[in-house]
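Presented below is the structure to which this report refers.
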Amino acid sequence: MTREARAETSRSPQVLRGMRDFLPQQMLLRQEIVDRFKAVFERFGFEPIDTPLLEYYEVLAGKYGEEGEKLMYHFQDHGGREVGLRYDLTVPLARFVAAHRHELTFPFKRYHIGPVFRAERPQRGRYRQFWQCDVDTVGTRSMLADAEVLLVWIEALASVNIPNVVVQVNHRKLLQALASHAGVPAEQALTVYRAIDKLEKIGPEGVREELLRHGVSEPAAQGVLGLVQLRGEPGPVLAEVRQRLAGDPQAMEAVAELEELFRYLGLLGADPRRYALNLALARGLDYYTGPVFEAVVEEPAIGSLGGAGRYDGLIGMFLGEDIPATGGSLGLERVVEVVQELQLLHAPSTVTQALVTVFDDESWGVALGLVQELRAGGVAAEVYLGERRDLRRQVQYADRKGVPLVLFCGPDELAAGVVTIRELASGEQHRVARADLVSEVRRLLAARDPRSAST
RNA sequence: GUGCCUCUAGCUCAAUGGCAGAGCGCUGGUCUGUGGAACCAGUGGUUGCGGGUUCGAAUCCCGUGAGGCACCCCA
């Protein structure tokens with residue numbers, strides 16, 4: 001087709017801003033990570049669900065605050081309905097629970113892994129379509145549910161070998177108490193949270209300036225800074241907070257909940273190096289009402305790997321009656337970024353485990369018989385489909401794709417009733433009896449990767 | 001959404017406003033019973049895209065698309 005002809009029938013093969021194609025190798029790594037997450041989620045008793053990518057705009061509107069609203073994909077469908085692409089998996093969950101209330105067993109524990117959409121300006125680790133891996137428990141106020149979310153995160157991230165993650169913990173009501181102490185009206189509280197949240201980045205002086213700029217008085221700002229900078233073991237820090245904010249019932253409630261949360265974490269055997277109380281942590285989303293978490297990693301400067309929190313009021317927006325819930329999401333692309341940058345996981349470069357070579361035009365029957373036998377025996381096997389098939393080319397094909405085993409069955413092997421198996425990594429060759437082929441192939445595969453031993 | 005930077009072959013990068021190049025890769029061969037190595041030969045481009053300035057633009061200007069950095073926000 002000429003360039004002109006092509007221009008008439010299609011545009012350049014470009015994807016939309018902030019959206020990406022994935023090559024097989026990238027998909028294999030992504031799948032590997034998702035599979036490991038699923039295994040951890042299920043080990044804790046979370047069950048899979050799915051919901052549509054597209055929701056009525058009304059379902060999504062008014063849940064994320066002004067900032068979130070601006071980033072939502074929103075348009076009319078063919079029937080003139082106002083619709084939106086889901087912005088996260090939490091609001092769809094709230095809608096899901098309200099819709100299927102009578103079909104669910106509570107407390108309801110679910111995980112949900114899939115793409116969400118935000119019309120942001122893309123950057124590294126920040127895309128317009130990205131996958132979230134959510135874990136939530138609906139229908140209980142118990143801090144044990146929150147503790148489980150934190151623990152499931154720690155284990156999920158450990159399962160993909162991410163080292164040194166520290167999940168930061170804070171409580172939304174503690175932030176509210178701080179804001180009201182600072183004399184900031186409720187509708188301005190969010191700006192105070194954000195100022196506080198920047199502590200790590202701009203330092204106490206920067207936060208002080210920002211607070212003053214938002215009309216906080218000098219002594220109030222000092223009070224806030226004094227609290228927010230408390231560091232150390234959760235127990236003593238919470239005791240200190242309890243003392244300083246003694247008169248504030250909201251703060252006392254938050255402290256009591258956090259104490260309970262940390263107690264459960266201890267009982268569950270969570271590694272204390274993997275979580276920390278951070279009174280400066282904010283979390284921007286509007287719907288949080290209780291404990292909030294954020295998983296941060298230092299090494300690739302990629303922001304947070306995930307955010308979580310309790311949102312006891314969100315489901316009530318669909319039901320008129322509150323159902324408590326807690327949970328959070330890990331960002332798949334950020335996890336992938338860390339795993340790639342630090343080379344933490346070695347995903348296979350191809351799914352194929354064995355290539356059966358074709359010796360000549362007369363031996364198709366032999367090759368196809370072998371490949372079918374391997375497939376029936378649970379081995380991912382292919383026969384070379386190219387038209388020019390000298391052995392050199394066939395072995396090269398296997399080498400480039402990273403297929404570990406290449407099988408030969410030419411006249412010599414036929415006469416002897418054997419098959420030659422070549423291990424590409426070492427170049428080692430084995431002549432095995434035709435009858436033992438599948439078991440020998442599986443033995444060799446298991447020897448190079450213990451995880452593929454079963455099935 | 002705002003500001004700044006970048007975009008040249010499949011990849012990494014060269015080229016004072018004056019002939020668009022190298023390395024790697026890829027293709028073929030040495031080599032039709034076996035991949036990587038070596039050697040030989042070949043293949044590579046609307047310089048992101050569209051306009052403008054100029055005798056002449058990869059280079060300067062405007063617009064636009066994409067990527068990146070900071071802000072904002074967030075997974």
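Order of the sequence lines sets the chain letters (A, B, ...), proteins ahead of strands, with each chain counted from 1. Side chains are part of it too, since the values below use all heavy atoms of this structure and drop only hydrogens, waters and symmetry mates. Just so you know, these numbers come straight off a predicted model, no measurement behind them.
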Measure the distance from [atom1] on [X] to [atom2] on [N] and round it to the nearest whole Å.
X        : N     : atom1 : atom2 : value
A:Glu66  : B:G1  : CD    : P     : 16 Å
A:Gln14  : B:U64 : CD    : P     : 15 Å
A:Tyr384 : B:G33 : OH    : C1'   : 16 Å
A:Leu391 : B:G33 : CG    : C1'   : 5 Å
A:Asp412 : B:U32 : CG    : C1'   : 15 Å

- request: Establish whether the base of B:G35 is bridged to the side chain of A:Arg422 by a donor-acceptor pair shorter than 3.5 Å.
  value: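 Between B:G35 and A:Arg422, which were checked side chain against base, a qualifying N/O pair under 3.5 Å is present.
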
Any donor-acceptor N/O pair under 3.5 Å between B:U34 base and A:Gln429 side chain: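 Between B:U34 and A:Gln429, which were checked side chain against base, a qualifying N/O pair under 3.5 Å is present.
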
message: Nearest heavy atom decides the nucleotide; on that basis, is A:Arg20 or A:Leu424 closer to the 5' end of RNA chain B?
response: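 Checking each residue's closest nucleotide, the 5'-ward one belongs to A:Leu424.
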
- request: Using heavy atoms to find the nearest nucleotide of RNA chain B for A:Ala119 and A:Cys409 separately, return the residue whose nucleotide is more 5′.
  value: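 Taking each residue's closest nucleotide, the earlier one in sequence belongs to A:Ala119.
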
Quote, to the nearest angstrom, the [atom1] distance that separates [N] from [M].
N     : M     : atom1 : value
B:G51 : B:A9  : C1'   : 26 Å
B:G65 : B:G56 : P     : 29 Å
B:U8  : B:A14 : P     : 10 Å
B:G50 : B:C55 : C1'   : 23 Å
B:G44 : B:G23 : C1'   : 13 Å
B:C61 : B:G17 : P     : 12 Å
B:U53 : B:U12 : C1'   : 33 Å
B:C24 : B:C39 : P     : 10 Å

Heavy atoms from other residues, nucleotides or ligands near [atom1] of [X] exceed 12 (cutoff 6.0 Å):
X       : atom1 : result
A:Glu47 : CD    : no
A:Gln76 : CD    : yes
A:Glu82 : CD    : yes

query: Should the pair A:Glu155-A:Arg43 be classified as a salt bridge under the 4.0 Å nitrogen-to-oxygen rule?
result: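 A salt bridge links A:Glu155 with A:Arg43.
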
query: Any salt bridge between A:Glu333 and A:Arg126, counting N to O under 4.0 Å?
result: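 No, A:Glu333 and A:Arg126 are not salt-bridged.
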
field: Main-chain N/O of A:Leu23 paired to A:Gln26 side chain as donor or acceptor, under 3.5 Å
entry: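 Present.
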
- request: Please state whether the phosphate of B:G29, meaning OP1 or OP2, lies under 4.0 angstrom from any side-chain nitrogen or oxygen of A:Arg392.
  value: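 No, A:Arg392 has no side-chain N/O under 4.0 Å of OP1/OP2 on B:G29.
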
message: OP1 or OP2 of B:U34 versus the side-chain N and O atoms of A:Arg393: is any pair under 4.0 Å?
response: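 Indeed not, no polar side-chain atom of A:Arg393 lies that close.
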
- line: A correct 5'-to-3' footprint of nucleotides 69-75 of chain B, with B, S and - meaning base, sugar-phosphate only and no protein heavy atom under 4.0 Å, is BBBBBBB

statement: Scoring nucleotides 39-44 of chain B by protein non-hydrogen atoms under 4.0 Å (B base, S sugar-phosphate only, - none) yields ------

Does [Y] have [X] sitting over its ring (NZ/CZ under 6.0 Å from centre, angle to axis within 45°)?
X        : Y        : answer
A:Lys109 : A:Phe46  : yes
A:Arg118 : A:Tyr87  : yes
A:Arg128 : A:Phe117 : no

message: Please convert RNA chain B into dot-bracket. A pair counts if it is Watson-Crick or G-U wobble with both distances under 3.5 Å; crossing pairs go in [ ] and bases paired with another strand get |.
response: (((((((..((((....[..))))((((((.......))))))....(((((..]....))))))))))))....

task: Determine the interplanar angle of the A:Tyr384 and A:Tyr397 rings, folded into 0 to 90°, and report it as parallel if under 30°, tilted if 30 to 60°, perpendicular if over 60°.
output: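 Perpendicular, since the angle between the ring planes exceeds 60°.
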
- prompt: Once the angle between the rings of A:Phe293 and A:Trp153 is folded into 0 to 90°, is it parallel (under 30°), tilted (30 to 60°) or perpendicular (over 60°)?
  reply: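 A:Phe293 and A:Trp153: perpendicular rings.
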
field: Any side-chain donor near an acceptor of the partner, A:Arg389 and A:Gln394, under 3.5 Å
entry: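 On atom types as modelled, these side chains do not qualify, holding no pair under 3.5 Å.
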
How is [X] classified with respect to the nucleic acid when contacts are heavy atoms under 4.0 Å: base, sugar-phosphate, or nothing?
X        : result
A:Phe359 : base
A:Glu69  : nothing
A:Gln394 : nothing
A:Asp360 : nothing

A:Leu345 and A:Asn161, any side-chain heavy atoms less than 4.5 Å apart: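 Touching, per the 4.5 Å side-chain cut-off.
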
